[in-house]
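Before any comments, here is the structure.
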Amino acid sequence: MEKFRKAEEAFLGVNWFEKVDTVSDYETEVTKWKHELQGLQEHAAQLNLALNTLREAEVDVFGDLDAARRRAANEAVTRVGTEFQRVLLSLPEAAAERDESTETHGVLNPSMVARRLVDARKELTTSLPTILVDRTKNLGDDITSSLILAEGKSRYQWRLEAYQAAGKALESYFASRDGDSQTLGALTEAVTEIATRLDANTDKSQRLLDKGSERVSGDGSDLNAARIVCENVIGAAAQSWRYEVARELLHVFETDLAWLVQDGAGRGDAVEFTGISVMVDGVSVEVAQSRVLDPAYNGDGAGRLFTTWGWLEKIVQGGDNDVSVLDRKNLEQGLEDRRSRLRDYSVSYIEYWGKTIREHFQVNSDIDWVSFQKILPRLERRSVNSQLAVWADERRAALGVVPSALLSPEQQDVLRTRKGFADAANDLTGERFSDRCYNVIKTWSKLSDDPVKARQVLLNTAIGEFKDSYLVHSSDADRQSSVGFWDSLTDRMLESLADSVLNQYQSGLSELSAVLDKLPLCRDGSSDAAIRDLGSVAASIDKLLGGRQSAPESAYTDGTVGANEDAGIDAVDDLLDDLREAGSELSTDSRQRLVRVRDIAEWLDKKPEVIIWTLSDSMVPSGSKNDRTLLNYASLSGVKQSTGFAQRFPGSFDVHQTTPLVIEYFSGTEVGQSKLGTSTLESPWGLLGLLWRNQVDAKDISDGSAQYKVWVVPLGVDGSSQQIWIGLSFNEPLPFHPREWPGCGEGN
């Protein structure tokens with residue numbers, strides 16, 4: 001017992017782990033602890049052996065104690081009796097003869113005193129043996145109480161088991177692991193495991209000391225001293241555990257953070273936006289396609305990543321309780337090295353959820369303008385918004401996991417802004433926002449499904465009205481706060497409209513290219529084929545121009561979209577530029593040419609008739625004159641009527657010649673007499689060619705019954721340098737001056 005006591009006093013006298021700051025210090029102290037605890041356990045083993053021997057002799061020991069108690073009781077009775085006898089003999093003999101009921105001068109009668117002493121002696125001799133036996137028995141129990149133990153354990157055993165439980169907490173909790181296979185999930189399991197083990201050892205040590213205090217008597221100072229030592233040891237174990245956790249966490253944060261996020265999110269089903277569809281003519285049309293969210297920015301996984309980083313910072317830096325950890329300086333350096341990587345990831349994470357995520361809700365890019373006009377009336381905005389609200393909440397929650405303390409002040413501002421945008425997305429569930437969506441859809445639906453006409457309406461719209469009526473969000477800030485679908489929808493319609501206009505121009509011009517370079521639509525075009533369906537040509541040009549009411553591109557009034565007014569939203573302004581640029585396929589000159597070609601086609605489609613006039617000398621241009629000889633007799637062929645003598649001019653015929661127009665000149669008055677010459681006009685547009693090839697002007701002429709506008713043109717004679725002058729007039733007025741007839745390639 002004495003050896004154990006001295007050994008424990010020395011053990012308790014050490015300030016265990018008081019100045020341990022590094023792993024090296026800790027390992028040295030642990031080695032010393034184990035050595036000293038081993039020595040104490042050996043002394044305890046010897047003491048246990050002695051106590052076991054005492055238990056085996058327990059019956060004999062207590063038998064000897066009972067005999068001793070009985071002998072002591074008998075001796076006490078004899079000694080009491082002897083003393084009482086001596087007292088009685090010393091009293092005066094006369095006392096026994098006096099009246100026991102009287103007193104003398106207030107003093108007890110001697111005979112009364114003697115009687116009382118006799119009675120007391122009888123009582124003592126009767127009860128004394130029992131009193132002495134009980135007292136000596138209690139004395140025996142007190143003597144052996146430190147050896148005969150409560151619940152089979154002595155005080156020293158309670159203390160020793162508490163030391164052992166605390167010592168188990170000093171063990172290393174993390175085994176060496178391959179960093180490539182380390183994951184947040186595995187680390188979390190390991191941390192949970194070691195925390196459980198540490199708590200178990202701490203609780204066990206505490207329970208042992210508390211139970212020892214309850215089960216054994218004494219002031220408990222030895223157990224309190226043991227408690228202090230155990231608390232120091234367990235505190236050092238916690239320091240070591242924090243170091244091991246921090247070391248492993250630092251190792252984990254060396255791996256690819258995106259991979260850690262995917263691991264932290266679990267490897268189940270991918271998070272997917274299921275898209276938005278409508279039924280058009282019995283067919284499901286995907287307005288916004290399904291998209292799988294980037295697993296590198298999974299909100300749940302990132303939440304675990306940032307939470308784990310919070311553990312690491314709290315362990316290394318002490319957190320609110322300023323708890324200690326081994327090798328803090330080295331760990332802090334490792335923490336700082338990895339913080340920059342996590343900050344970079346945080347910035348990209350904020351960018352993804354604050355901005356890029358809007359791209360996951362983009363309207364399909366392959367929807368053309370006509371299809372949009374069918375989709376819009378079937379797009380139920382409440383249903384769409386209910387789906388989008390789910391992702392607005394996801395966005396808000398995802399941004400909420402980023403620890404702002406990790407970021408620079410500028411990055412914190414970005415995060416606050418993005419969070420503000422995400423919070424504003426609550427509008428998705430509001431009736432006011434739903435009405436806004438409905439009104440915008442309705443406005444777009446009113447536009448023509450002819451993209452050229454729809455473009456003209458938009459370009460003639462005042463910019464303020466455009467923002468109010470055609471955009472769900474009318475500012476960049478509002479657009480960034482939204483999930484993105486509605487802005488994508490209006491953006492995509494603008495884009496689709498511009499594309500459709502461009503396609504219509506290109507396809508229309510391509511179709512017209514077969515006729516635009518031919519006579520008579522082009523004054524210097526080829527004449528190898530006749531243009532038969534002139535009405536179709538005019539209709540195609542009308543469609544290309546957006547109708548007869550189409551205004552020139554330069555005619556948009558100030559303040560309108562067409563007058564280059566911007567909406568103040570970068571993406572929208574770029575699209576408006578594209579919409580305006582779509583008209584560049586038809587420059588002002590091109591549009592003017594098409595207008596002239598259309599007017600020509602419509603004029604020709606009316607099948608106008610031409611009248612050929614002989615002219616008086618006064619109508620012939622100055623310096624020129626008609627050869628009257630040639631005009632003595634002229635015969636016209638290739639027209640719907642022939643004329644005989646020259647005086648029978650004018651002659652009228654359909655300008656749509658099907659054969660060459662031939663005029664033969666004779667010297668006599670009959671056909672067949674000496675021919676003086678011939679004028680030939682190739683079909684089908686020879687007469688019009690006279691107008692195009694000469695700088696002609698119109699003059700008024702009268703046949704006595706009507707007034708005509710006659711175009712004075714020279715007519716050459718085959719094989720001769722001679723020419724005559726004739727007049728041409730039409731029953732359907734020319735659409736414009738012959739000099740304005742378009743040439744090939746003009747306006748392209």
Side-chain angles (χ1 to χ4, degrees), residues 363 365 367-373 376 436 439-476 478-479 486-509 512 539-599 746-748:
V363 173
S365 60
I367 302 177
D368 60 26
W369 177 252
V370 174
S371 297
F372 267 128
Q373 293 305 100
L376 292 179
R436 173 76 174 170
N439 290 332
V440 168
I441 291 174
K442 186 177 179 181
T443 303
W444 280 97
S445 299
K446 290 179 179 179
L447 293 174
S448 171
D449 59 2
D450 182 334
V452 173
K453 292 181 179 179
R455 172 180 177 271
Q456 290 173 353
V457 171
L458 278 179
L459 295 184
N460 278 297
T461 302
I463 194 64
E465 181 185 349
F466 172 79
K467 293 172 67 174
D468 289 341
S469 302
Y470 290 90
L471 302 179
V472 173
H473 296 104
S474 56
S475 71
D476 269 326
D478 289 342
R479 288 166 67 89
W486 291 109
D487 299 314
S488 171
L489 178 66
T490 54
D491 288 356
R492 181 57 198 143
M493 284 192 291
L494 278 174
E495 183 180 19
S496 176
L497 180 58
D499 289 344
S500 296
V501 168
L502 191 61
N503 289 338
Q504 184 161 308
Y505 283 156
Q506 290 175 338
S507 62
L509 289 173
L512 289 171
S540 296
I541 294 176
D542 259 346
K543 182 177 181 181
L544 197 59
L545 296 176
R548 304 189 68 85
Q549 303 303 317
S550 172
E553 290 291 305
S554 59
Y556 297 112
T557 58
D558 291 343
T560 61
V561 173
N564 294 323
E565 290 290 340
D566 286 339
I569 304 170
D570 292 342
V572 174
D573 289 337
D574 289 343
L575 292 170
L576 290 179
D577 285 342
D578 292 342
L579 186 64
R580 288 186 284 258
E581 185 67 20
S584 66
E585 286 294 312
L586 291 180
S587 64
T588 300
D589 289 344
S590 296
R591 297 176 72 86
Q592 289 176 347
R593 179 195 182 195
L594 286 175
V595 169
R596 292 197 298 269
V597 170
R598 178 196 63 197
D599 293 346
E746 193 175 280
N748 292 341

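One-based numbering along the sequence shown.
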(message) Show the nearest heavy-atom pair for residues A454 and L497, with the distance to one decimal.
(response) CB-CD1, 3.8 Å
(request) Find the distance between OG (S507) and CG (L502) and round it off to the nearest 0.5 Å. (result) 9.5 Å
(request) Check step by step if salt bridge (charged side-chain N to carboxylate O under 4.0 Å, His left out) holds for K543 and D450. (result) CA-CA 8 Å; K543 182 177 181 181; D450 182 334; over 6 Å; no
(request) To the nearest 0.5 angstrom, please state how far the CG atom of D468 sits from the CD1 atom of I463. (result) 10.5 Å
(request) Find the distance between CG (L594) and CG (D542) and round it off to the nearest 0.5 Å. (result) 10.5 Å
(request) Any salt bridge (Lys or Arg N to Asp or Glu O under 4.0 Å) involving residues 497-509? Give me the pairs, sequence neighbours left out, ordered by first then second residue. (result) R492-D499
(request) Output all residues satisfying side-chain hydrogen bond (donor to acceptor under 3.5 Å, both in side chains) with S475, sequence neighbours left out; order by chain, then residue number. (result) D478
(message) I'd like to check the ring pair (Phe, Tyr, Trp, His ring centres under 6.0 Å) partners of F466; sequence neighbours left out, ordered by chain and number.
(response) Y470
(message) Keeping R436 on the side-chain end and L471 on the backbone end, is there a donor-acceptor pair under 3.5 Å?
(response) yes
(message) Between L545 and R598, is the side chain to side chain contact (heavy atoms under 4.5 Å, CB included) condition met? List the steps.
(response) CA-CA 10 Å; L545 296 176; R598 178 196 63 197; 3.8 Å; yes
(request) Search all heavy atoms of S445 against all heavy atoms of Q373 and return the closest pair with its distance. (result) O-NE2, 3.4 Å
(request) Pick out which of V501, N460, L447 makes a side chain to side chain contact (heavy atoms under 4.5 Å, CB included) with R455. (result) V501
(request) Could you tell me whether the side chain of S488 and the main chain of V363 form a donor-acceptor pair under 3.5 Å? (result) yes
(message) Could you tell me if the side chain of V452 sits less than 4.5 Å from the side chain of Y505, heavy atoms only?
(response) yes
(request) Hey, could you give me each pair passing side chain to side chain donor-acceptor pair (under 3.5 Å) that has a residue in residues 558-575? Not counting sequence neighbours. (result) N564-R580
(request) Kindly determine whether T443 and K446 satisfy side chain to side chain contact (heavy atoms under 4.5 Å, CB included), including the steps that lead there. (result) CA-CA 5 Å; T443 303; K446 290 179 179 179; 5.7 Å; no
(message) S500: which residues meet the side-chain hydrogen bond (donor to acceptor under 3.5 Å, both in side chains) condition with it, sequence neighbours left out?
(response) none
(request) Could you check T490 against L494 for side chain to side chain contact (heavy atoms under 4.5 Å, CB included), going step by step and ending with a plain yes or no? (result) CA-CA 6 Å; T490 54; L494 278 174; 5.9 Å; no
(request) Calculate, to the nearest 0.5 Å, the distance between atoms OG and CG belonging to S540 and L544 respectively. (result) 8.5 Å
(request) Please round to the nearest 0.5 Å and tell me the distance separating atom CD of Q456 and atom OG of S448. (result) 9.5 Å
(request) Looking only at non-hydrogen atoms, find the nearest pair between A571 and R479 and report the distance. (result) CB-NH2, 4.0 Å
(message) Nearest 0.5 angstrom please: W444 CH2 to L458 CG, how far?
(response) 5.0 Å
(request) For W369, enumerate each residue passing the side-chain hydrogen bond (donor to acceptor under 3.5 Å, both in side chains) test, keeping only those at least two apart in sequence or located in another chain. (result) none
(request) Quick one: do L579 and L575 satisfy side chain to side chain contact (heavy atoms under 4.5 Å, CB included)? Show the steps, please. (result) CA-CA 6 Å; L579 186 64; L575 292 170; over 6 Å; no
